[in-house]
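First the structure, in the form of structure tokens, and then the observations on it.
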Amino acid sequence: MRATRSLSGTTVSSIFTLLLVLCITLAFGSSATAKSASSTGDSVLVILDSAKKVDYSIFLQGLEAKGYTVTVRSPRDESPLLIEDGLPNFSHVVFLASDTKNFAKDISPQTLVELLTLGTNLVLTLGLKQNLLTSLAPEFSLLLPPPATPLVSFFPERSDSPSVIPIAFDTKSVPNDTFSVLSQVENKIWFSGTPFALSANPLLFPILHAPAESFAADLSDSPGLVADALADAAEKGGEGFWAGSTLSVVAGFQTLIGGGTGHGNDAGPGEDKQSRVVWVGGPSLFSDEFATKKVVEKVETERGKSVVEKPSGNEQAAMDIAGWAFQEHGVLRIDEVKHHKVNQTDAPETYTTNDEIVYTVKISSFNPTTGKWERYSDLKDLQLEFTMLDPHVRTALPAVRGQKGVYSTTFRAPDRHGVFKFVINYKRKGFSHLLHTLIVPVVPPRHDGYPRFLSAAWPYYIGAISTSVGFLLFSAIYLAGEVKEEKKSKKE
Amino acid sequence: MAPKSASSIKSTSAVQTLFDAYTSQTSSRLKFIDAFLVFLILSGVLQFSYCVLVTNFPFNAFLGGFSSTVGQFVLTASLRSQVNPENKGVYKEVSRERAFADFVFGSIVLHFFVYNFLG
């Protein structure tokens with residue numbers, strides 16, 4: 001206390017400026033957290049031998065240029081931990097140390113899966129040798145060829161080793177309802193590594209297919225053995241042979257809402273976490289070597305064949321793959337759900353059977369360039385279900401013209417009372433899943449809620465009224481007769 | 001042919017005698033009650049055939065209308081049996097006034113339910 005009192009005016013002002021500077025740095029620091037292109041966070045852990053860091057400098061610098069803070073951890077380093085106190089330390093993890101056999105204790109298939117349930121995105125690269133990732137891959141429905149059998153192709157003719165393959169991305173290979181991760185990649189992508197087949201898991205989708213002429217084989221055997229294996233496979237009609245464009249070299253996997261069960265129960269918008277995994281057949285796709293390696297193509301011109309050198313598409317592909325995995329693109333969310341009766345504005349407590357219901361939902365998509373959520377109207381096949389165990393109503397939920405990001409439909413509640421749910425369950429490959437359920441009771445009409453004075457019912461009304469009138473007339477005449485009889489009897 | 005015609009003559013004569021006996025022996029009060037009963041039967045038959053042939057859609061309305069005729073018929077029929085002088089031995093403790101009061105009370109209750117049902 002004495003010390004503070006004795007402070008002179010100049011020191012007080014200098015403390016003030018210090019505080020100011022601190023505040024400014026804090027403010028900048030916090031704004032930097034929202035600077036990256038990802039919708040889920042900007043800390044990236046790259047698991048990579050620090051000696052090999054220089055081999056991936058273009059990729060790592062590309063990530064930093066996008067606003068990510070990149071931390072490199074050697075596979076055997078004990079820190080930084082992936083998960084600390086039950087919380088993930090990083091928003092995204094890139095696994096480039098695929099040739100490593102032994103890892104630090106906390107890098108295990110279990111932790112990787114736990115990271116996914118905690119909302120961390122992963123980019124996993126497979127190596128030719130067996131390690132924890134090759135044993136984890138089958139859990140994601142990837143079927144790997146035997147160890148040490150890389151993808152090889154003798155086409156197109158080139159000076160490189162047959163296991164270094166230029167792959168062209170074909171936009172047509174992506175179905176309409178799937179997000180096209182590599183749509184901006186124009187040049188061929190150099191690839192070297194192991195291919196994999198995808199089994200029928202609805203959450204898994206191919207990002208880049210292997211070329212049609214390629215196959216998985218171990219070329220370090222004597223050349224005759226490979227030729228024999230090819231001949232054998234041809235005899236068997238290709239059975240058991242890892243070949244062709246059904247194989248993939250890059251595949252994406254989007255986890256379900258709620259950490260895997262897919263029934264994140266009524267989690268409000270934004271409360272539920274989904275994470276993404278990209279499996280890549282080899283880490284070299286991200287390497288500087290392939291990013292700078294020219295693709296030599298023979299192009300037929302008027303004068304004959306000429307050799308053209310083109311840059312490779314690896315740099316763009318690496319950024320796009322990481323961009324999808326880090327939830328920059330194809331990220332959707334439900335902002336608001338409204339429902340009410342036709343010609344009303346507020347949601348009622350209960351609906352009556354056969355009510356006309358208006359259901360409106362607002363959907364946003366993340367824009368990585370601005371870092372903001374923007375209303376998104378481009379979903380063509382959104383559906384609404386009105387379910388009580390089964391969907392009693394399943395109807396298209398089209399975008400409303402003129403209102404961005406608003407989807408609305410009007411439907412008649414079924415002639416059935418019970419506890420119903422509005423369900424939006426939109427799962428498309430490469431897009432975030434949209435899942436929203438809202439419980440509403442549907443009750444039968446109240447006793448006075450039925451229609452009245454129907455024309456068809458008039459005979460019954462007339463019947464009842466005539467009975468009553470008849471009763472009144474009958475009673476009156478009957479009583480009149482009684483009185484007469486009494487008079488008569490008195491006279492007598 | 002002959003026996004049949006004879007039987008038809010017999011039956012017509014039986015109906016004829018029944019009708020004659022009814023017109024001559026029944027008191028005008030009972031005839032009046034019977035007229036009301038016939039009206040109720042006709043009304044009920046009409047409503048039922050409308051329900052079967054055209055629509056039973058507001059089923060509650062049909063129930064109301066039809067049951068009003070049926071209920072009124074039952075009440076009126078019991079009034080008839082209670083005021084019939086031939087039944088005096090059966091209803092010793094029920095005076096004619098009491099019978100009519102019961103009839104009116106029952107009818108009012110019935111009509112209350114009927115209009116509730118009509119909707």
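Below, chains carry the letters A, B, ... as their sequence lines are ordered, and counting in each starts from 1. Computation of the quantities below employed the complete heavy-atom set of this structure, encompassing side-chain atoms and omitting hydrogens, waters and symmetry-equivalent molecules. Remember, it's a predicted structure, so these values are computed and weren't measured experimentally.
Taking non-hydrogen atoms and a 4.5 Å limit, the residue list of residues 453-473 of chain A in contact with chain B, ordered by number, reads A:Leu454, A:Ala456, A:Ala457, A:Pro459, A:Tyr460, A:Tyr461, A:Gly463, A:Ala464, A:Ile465, A:Ser466, A:Thr467, A:Ser468, A:Gly470, A:Phe471.
With a threshold of 4.5 angstrom between heavy atoms, B:Leu79 approaches chain A through side-chain atoms but not through N, CA, C or O. Residue contact with chain A, scored on non-hydrogen atoms closer than 4.5 Å, involves the side chain of B:Tyr115 exclusively. Using a 4.5 Å cut-off between heavy atoms, B:Thr76 touches chain A through its side chain atoms alone.
Scored by the salt bridge (Lys or Arg N to Asp or Glu O under 4.0 Å) test, A:Lys362 finds A:Glu336 as partners (sequence neighbours excluded). With sequence neighbours excluded, the residues that form a ring-ring contact (aromatic ring centres under 6.0 Å, His included) with B:Phe36 are A:Phe474.
A salt bridge is defined here as a Lys NZ or Arg NE, NH1 or NH2 lying under 4.0 Å from an Asp or Glu carboxylate O, and A:Glu385 with A:Arg394 meets this definition.
Between B:Phe62 and B:Phe66, the two ring planes are parallel [angle under 30°; tilted spans 30° to 60°]. Ring geometry for A:Phe366 against A:Trp373 counts as perpendicular: the plane angle is over 60°, on a 0 to 90° scale with 30° as the lower cut. The aromatic rings of A:Phe420 and A:His392 sit perpendicular, their planes meeting at an angle over 60°, well past the 30° parallel limit.
Options B:Pro58, B:Gly64, B:Ser67 differ in how many heavy-atom pairs under 4.5 Å they form with chain A, and the most are formed by B:Pro58. Most heavy-atom pairs under 4.5 Å with chain A: of the set B:Val104, B:Leu110, B:Asn60, this distinction falls to B:Val104.
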Distance-only donor-acceptor hits, side chain of residues 39-46 of chain B, under 3.5 Å, sequence neighbours excluded:
{"unit_1": "B:Ser43", "atom_1": "OG", "unit_2": "B:Gln47", "atom_2": "NE2", "d": "3.3"}

